[in-house]
Novice: 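Got a structure for you, questions after.
Within every chain, numbering begins at 1; the chains are lettered A, B, ... in the order of the sequence lines, protein sequences first and strands thereafter. For the numbers below, each heavy atom of this structure counts, side chains included, while hydrogens, waters and symmetry mates do not.
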Amino acid sequence: MPKPIATAGAPGRRGGRAVLAAFILLAVFMVLPFGFVALNALKTSADYNAHGPVALPKAISFDNVRTFWNLVDFGQVLWNSVLISGCVAVGAVLLSVLSAYAIGIGRVRGRLWILVAFLVANLLPQEGLVYPLYYLAKQTNLYDTRLAVIIVFTVIQSAFGTYLLSSVLSAFPREILEAAKIDGAGVWRTLWQVVVPVSRPTLTVMLTFFFIWTWNEFLLPLIFLVSNQNQTVPVALGVAQGEHIVDVTMQAASALIGIIPAIVFFLIFQRTLTRGVTVGSIK
Amino acid sequence: MATVIPGRRRRAERGYPLFLVPAAVLFVAVIAIPFGMNIGISFTRWQGVGPVQWVGLRNYQRLLHDSVFWASFWHNAGIVVAMAVVPTALGLVVAAGLFDFIGKRFGPRTASLLRACIYLPQVMPLAVMGVVWGWILAPRDGVLNVVLQDVGLGSLSHDWLGDPNTALYTVMAILVWIQLGFPVVVFMAGLQRVDPALHEAAAIDGASWRRRFWHITVPQMRPEFYVVLLMCTIAALKAFAPIYVLTRGGPGDSTDIPSYYAYQNFFEKTQVGYGAAIATVLTVLTLIVTTAFLVVQSRHQGEEE
């Protein structure tokens, strides 16, 4: 690609620097709130009151983080989020694989309408399901259990997964399926030994997204998980605001604790995430 | 070959529908039945326990005359502007700038680093973003007000979320900040699809960057544009978490949205029937928006072909 031509007509050299500066400013603005949180979460409240939020901490103190951690039993909360998101991610991928296999490769009759139904299920606002689900959970003794949240999100995420995977599998190379058939593989074995291994990249993207989407969910976990030992990270933090937290540095500590797992996922999955956004939106 | 395929198809057809059974069972139990129940409940007066009283369309009539509901509806229009319209428009400019200016002039590494910074809020739980901004905007000793005082703009310091006149705008500004990364990432991926020859030809003809943006980038990004706008609009209709964490719909009902108003009726006021009516309206609205988008999109695609 000839560079000079591609940028011809763009601002001149000095203008180029100005544009870069504007973008850096934007990036700083996007990251700044996280910086402020990190800066102040490790201060004592006396330090904060004396020197304000912009000053560097006089001494690094984990007191606020530790106090908040114990207050909401954050170790347990973190485990709940990992457990729920992990189970949902695996369950929803499995369910999507089964349904998408029937639709994309099996080409079952009425598949267009089945897909529309999955799409609608995925788009429905959870507000329209929340009260009946709450009521049914109470009836079946699943209220305030992590299992209830796992079941509901497995279904909701797999609605999107089926929609996406069906269109991916409908382009699955027919020769490979034929070859498996000639080797005597049945429908079931073809799925696990041919289709799933070949589709691994797509399934990895789905697994990552389901995990993070479920991690970030708020409304249904808020309704279902009332007791602290079952709560997820966003719910525990959201509920703690105004309930336990009076101190401005402790609020920063609580924010930091919520941000860190997300940053870890971001660093681990960055490539999958940016690739996945495109797979997910432009099928 | 032709003689093999029909037999294969027929035999295969028999096995495949079984793979839909688990999804079918779960969907009926978790989506279809609750959805039907919600519509049913919306025709009743019910406190969640005790007797259920059939009231027909009375909840919907009440909705029409409920000024809080209409206010919440307009607040949600503001949230759509903040989560869909502004980020999509701004995101397209940012993505184009990063892709064919920063990326080409300063290297793709620089562009993807900047993109990662802009995308960062998108990977966070909305509730956690609410905690962060609630902390920054704390009225007395929050970061923003302290900084404003430090630089001598103390007169601008303000209880941003606590004043009914500024609360909604403040929430909207936060939502723009949260949402911007999504369109940027999608548009940047889409821009890789555009044939560079188009830009080169236009540049040789002397077209400025701005003109090439309008006449090449914008029309080429049409498919991404619809998807982004649709997904952001749907997200805006479900902006429950940030409202819950930042303002709880207040002060007064100055930031209430239907999603939160339904929750209040379900779980705070125990007017379950009325809450179900609000939730049903919200659902219908979402489906209308989606259908409208899909219709417009397919019509435009039809024109192009």
Side-chain angles (χ1 to χ4, degrees), chain A residues 1 3 5-10 16 19-20 23 26-27 30-31 33 36-37 52-54 95 98-99 101-102 106 108 121 123-125 127-129 131-133 136 151-152 155 158 187 212 215-216 218-219 234 237-238 241 248 251-252 254-255 258-259 262 265-266 270 274 277-278 281-282, chain B residues 15-17 19-20 22-23 26-27 30-31 34-35 37-38 101-102 104-106 114 117-118 120 123-128 131-132 134-136 138 141 143 146-147 185-186 189 196 199-200 203 207-209 224 227 234 237-238 240-241 244-245 259 262 266 272 276 279-280 282-283 286 290:
Chain A
M1 221 192 315
K3 263 185 200 168
I5 293 178
T7 49
V19 175
L20 181 66
F23 274 103
L26 174 68
M30 299 304 288
V31 179
F36 271 118
V37 166
V54 189
L95 199 57
L98 292 178
S99 312
Y101 186 52
V108 294
L123 292 172
L124 283 184
E127 288 78 358
L129 306 171
Y131 202 89
L133 285 174
L136 292 171
I151 294 173
V152 171
V155 177
S158 79
V187 180
I212 290 178
W215 187 283
N216 294 350
F218 189 70
L219 174 64
L237 296 192
Q241 307 306 307
V248 74
Q251 200 178 356
S254 80
I259 290 169
F265 301 147
F266 184 59
Q270 210 222 352
T274 38
V277 170
T278 15
S281 50
I282 323 294
Chain B
Y16 287 113
F19 287 88
L20 281 169
L26 282 164
F27 270 83
V30 175
I31 311 262
F35 182 60
M37 278 172 77
N38 188 71
F101 186 73
I102 301 289
K104 282 172 188 155
R105 184 70 81 78
F106 299 97
L114 291 169
C117 291
I118 296 169
L120 191 58
V123 292
M124 303 279 163
L126 276 170
V128 172
V131 174
V132 169
W135 171 75
I136 289 174
D141 44 9
V143 175
V146 172
V147 169
V185 168
V186 175
H199 274 279
E200 282 159 26
S208 66
W209 190 84
E224 282 82 1
V227 175
I234 290 172
L237 293 175
K238 307 179 190 176
F240 174 83
Y244 179 93
V245 176
S259 164
F266 282 140
V272 177
T280 304
L282 187 63
T283 307
T286 309
T290 309

Novice: Hey, could you give me the CG/NZ distance between B:Leu282 and B:Lys238, rounded to the nearest 0.5 Å?
Specialist: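 The distance works out to 9.0 Å.
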
Novice: Applying side-chain contact (heavy atoms from CB on, under 4.5 Å), can you list everything that pairs with A:Ala27, at least two apart in sequence or on another chain?
Specialist: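 A:Ala27 satisfies side-chain contact (heavy atoms from CB on, under 4.5 Å) with B:Leu114, B:Cys117 once adjacent residues are dropped.
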
Novice: Between A:Ala255, A:Ala252, A:Ala121, which has the largest tally of heavy atom pairs under 4.5 Å with chain B?
Specialist: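 With the most close heavy-atom pairs to chain B, the winner is A:Ala252.
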
Novice: Assess whether side-chain contact (heavy atoms from CB on, under 4.5 Å) is satisfied between A:Ser158 and B:Phe27, documenting all intermediate values.
Specialist: CA-CA 10 Å; A:Ser158 79; B:Phe27 270 83; 3.9 Å; yes

Novice: Within the side chain of A:Tyr101, is there an N or O that forms a donor-acceptor pair under 3.5 Å with the backbone of A:Val187?
Specialist: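 Yes, the answer is positive, given that a donor and an acceptor are paired below the 3.5 Å cut-off.
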
Novice: Under 4.5 Å heavy-atom distance to chain A, tell me which part of B:Val146 shows up: side chain, backbone, both or neither.
Specialist: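 B:Val146 touches chain A through side-chain heavy atoms alone.
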
Novice: Against chain A, label B:Ile31 side chain, backbone, both or neither, depending on which of its atoms sit under 4.5 Å from a heavy atom there.
Specialist: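 Interface part for B:Ile31: both.
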
Novice: Locate the shortest heavy-atom distance separating B:Ala241 from B:Ala127; write the atom from each residue and the value.
Specialist: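 It is CB-N, 4.2 Å.
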
Novice: How many angstroms lie between atom CG of B:Leu120 and atom CE of A:Met30, to the nearest 0.5 angstrom?
Specialist: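 The CG atom of B:Leu120 sits 8.0 Å away from the CE atom of A:Met30.
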
Novice: Using non-hydrogen atoms only, which part of B:Phe266 is less than 4.5 Å away from chain A: side chain, backbone, both, or neither?
Specialist: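 Both parts, heavy atoms under 4.5 Å.
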
Novice: Most heavy-atom pairs under 4.5 angstrom with chain B, which of A:Val37, A:Leu20, A:Ile151?
Specialist: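 Highest number of heavy-atom pairs under 4.5 Å: A:Leu20.
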
Novice: Please classify the contact between B:Ile234 and chain A as side chain, backbone, both or neither, with a heavy-atom cut-off of under 4.5 Å.
Specialist: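 For B:Ile234, the side chain is the part near chain A, not the backbone.
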
Novice: How are the rings of B:Phe106 and B:Phe101 set to each other: parallel, tilted or perpendicular (split at 30° and 60°)?
Specialist: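 It falls in the perpendicular class, over 60°.
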
Novice: For A:Asn216, enumerate each residue passing the side-chain contact (heavy atoms from CB on, under 4.5 Å) test, keeping only those at least two apart in sequence or located in another chain.
Specialist: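 Only A:Ile212, B:Pro125 meet the side-chain contact (heavy atoms from CB on, under 4.5 Å) criterion with A:Asn216.
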
Novice: What distance do A:Phe218 atom CZ and B:Tyr244 atom OH have between them, rounded to the nearest 0.5 Å?
Specialist: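 Output value for this atom pair is 5.5 Å.
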
Novice: When heavy-atom pairs shorter than 4.5 Å are enumerated against chain B, which of A:Val152, A:Val31, A:Leu219 gives the highest number?
Specialist: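 Among the listed options, the one with the most contacts to chain B is A:Leu219.
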
Novice: Sort B:Val245 into side chain, backbone, both or neither according to what part of it lies under 4.5 angstrom from a heavy atom of chain A.
Specialist: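 It is the side chain, since no backbone atom gets that close.
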
Novice: Heavy-atom distances under 4.5 Å only: say whether B:Val131 touches chain A with side chain, backbone, both or neither.
Specialist: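 For B:Val131, the contact with chain A is made by backbone and side chain together.
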
Novice: So what's closer than 4.5 Å to chain B heavy atoms on A:Leu136: side chain, backbone, both or neither?
Specialist: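 Contact with chain B: side chain only.
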
Novice: For B:Thr286, is it the side chain, the backbone, both or neither that has a heavy atom under 4.5 Å from a heavy atom of chain A?
Specialist: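 Only the side chain of B:Thr286 comes within 4.5 Å of chain A.
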
Novice: Is it the backbone or the side chain of B:Ile136 that comes under 4.5 Å from a heavy atom of chain A, or both, or neither?
Specialist: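 Contact with chain A: side chain only.
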
Novice: Please classify the contact of A:Ile259 with chain B as side chain, backbone, both or neither, using a heavy-atom distance under 4.5 Å.
Specialist: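 When you check distances to chain B, atoms from both the backbone and side chain of A:Ile259 fall under 4.5 Å.
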
Novice: Sort B:Thr280 into side chain, backbone, both or neither according to what part of it lies under 4.5 angstrom from a heavy atom of chain A.
Specialist: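 It is neither, since no heavy atom gets under 4.5 Å.
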
